[in-house]
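Everything numeric in this text was worked out from a predicted model, so none of it was measured.
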Amino acid sequence: MITLTEELKQAVSEIKPAMVATANKEGQPNVSPKGSLRVLDDYCLVFADLRSPQTIKNLKENPSLSMIGLDPGTRKGWRIWGRADEILISGDLFDQISKEYITKGRVNHVVKVVAEKGVVF
């Protein structure tokens with residue numbers, strides 16, 4: 001686990017959507033955009049699953065993931081490697097995120113990610 005720098009936190013909040021890459025236990029990759037990705041605290045990020053059944057299936061089999069955000073105009077971005085620490089279907093955090101996304105659709109899961117490495121480029 002790493003401590004997210006202020007520079008990395010700011011980049012995550014400004015450059016969206018994030019692309020989240022996962023792989024199943026056989027190594028078959030999947031990439032899914034996540035406009036909901038945000039910093040939760042100094043160590044973790046969180047995103048909502050509205051329509052990403054393959055992402056959730058992969059994370060249940062293999063919790064490792066990589067995320068990237070890129071601003072094509074400036075060619076600046078960020079990358080984080082980590083693992084899905086929790087896949088929530090209830091609780092305070094789930095309820096909070098679900099309320100925020102009520103107009104975009106039903107939140108099926110909320111994924112809490114522990115950052116293991118991160119860079120701003």
Side-chain angles (χ1 to χ4, degrees):
M1 172 174 24
I2 63 162
T3 301
L4 298 167
T5 65
E6 290 305 315
E7 180 185 31
L8 189 51
K9 289 178 188 179
Q10 183 175 347
V12 169
S13 72
E14 293 175 355
I15 301 171
K16 297 195 183 268
M19 301 303 285
V20 175
T22 62
N24 65 17
K25 63 184 174 188
E26 287 83 30
Q28 180 69 39
N30 181 68
V31 177
S32 182
K34 300 289 175 232
S36 62
L37 182 74
R38 68 187 71 178
V39 173
L40 183 62
D41 58 33
D42 287 342
Y43 312 99
C44 298
L45 301 99
V46 65
F47 66 84
D49 157 38
L50 281 73
R51 291 174 285 282
S52 300
Q54 191 61 49
T55 297
I56 298 303
K57 183 176 185 242
N58 285 358
L59 291 174
K60 287 179 178 179
E61 292 180 10
N62 174 5
S64 296
L65 56 80
S66 178
M67 302 175 277
I68 190 168
L70 176 66
D71 180 334
T74 63
R75 295 186 177 255
K76 295 188 179 197
W78 57 268
R79 182 179 302 230
I80 295 173
W81 294 263
R83 63 179 164 72
D85 188 51
E86 295 181 76
I87 300 173
L88 306 169
I89 58 170
S90 64
D92 291 341
L93 182 58
F94 180 86
D95 293 344
Q96 174 192 337
I97 303 265
S98 293
K99 285 179 189 174
E100 290 177 34
Y101 283 87
I102 194 110
T103 62
K104 298 194 189 297
R106 179 177 178 270
V107 173
N108 298 304
H109 304 88
V110 170
V111 179
K112 181 179 169 188
V113 175
V114 173
E116 296 177 338
K117 182 179 175 184
V119 295
V120 176
F121 54 88

Under the side-chain hydrogen bond (donor to acceptor under 3.5 Å, both in side chains) rule, collect the residues that match up with E14, sequence neighbours excluded.
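E14: side-chain hydrogen bond (donor to acceptor under 3.5 Å, both in side chains) contacts with Q10.
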Rounded to the nearest 0.5 Å, what separates atom [atom1] in [X] from atom [atom2] in [Y]?
X: W81; Y: L65; atom1: CH2; atom2: CG; answer: 12.0 Å
X: K104; Y: S98; atom1: NZ; atom2: OG; answer: 14.0 Å
X: Q54; Y: T22; atom1: CD; atom2: OG1; answer: 7.0 Å
X: L59; Y: D49; atom1: CG; atom2: CG; answer: 9.5 Å
X: K60; Y: K25; atom1: NZ; atom2: NZ; answer: 13.5 Å
X: M1; Y: D42; atom1: CE; atom2: CG; answer: 10.5 Å

Can you give me the closest heavy-atom contact between [X] and [Y], atom names plus distance?
X: L88; Y: F94; value: O-CD1, 3.5 Å
X: L4; Y: D41; value: CD1-O, 3.6 Å
X: S52; Y: S32; value: OG-OG, 3.2 Å
X: F47; Y: V113; value: CE2-CG2, 4.0 Å
X: Y43; Y: T3; value: CE2-OG1, 3.3 Å
X: C44; Y: K112; value: SG-CE, 3.6 Å

Taking everything shown except K117 itself, do over 12 heavy atoms lie less than 6.0 Å from its NZ?
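No - once you tally the heavy atoms of other residues, nucleotides and ligands closer than 6.0 Å, there are 12 at most.
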Are [Y] and [X] connected into the same hydrophobic cluster when the rule is that any two of I, L, V, M, F, W, Y join if their side-chain heavy atoms are below 4.5 Å apart?
X: I56; Y: M19; value: no
X: V46; Y: V111; value: no
X: L40; Y: I15; value: no
X: I68; Y: W78; value: no
X: I2; Y: V39; value: yes

Report the residues that fulfil side chain to side chain contact (heavy atoms under 4.5 Å, CB included) with [X], sequence neighbours left out, ordered by chain and then residue number.
X: A48; result: S36, L50, I97, V107
X: N24; result: E26, Q28, N58, E61
X: K76; result: T74
X: N62; result: A23, S64

Set of residues satisfying salt bridge (charged side-chain N to carboxylate O under 4.0 Å, His left out) with respect to E116, sequence neighbours excluded:
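With sequence neighbours excluded, E116 shows a salt bridge (charged side-chain N to carboxylate O under 4.0 Å, His left out) to R83, given in chain and number order.
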What verdict does the side-chain contact (heavy atoms from CB on, under 4.5 Å) test give for M67 and L45, after you've listed the backbone C-alpha separation in whole Å, the side-chain angles of each residue and the deciding distance to 0.1 Å?
CA-CA 10 Å; M67 302 175 277; L45 301 99; 4.2 Å; yes
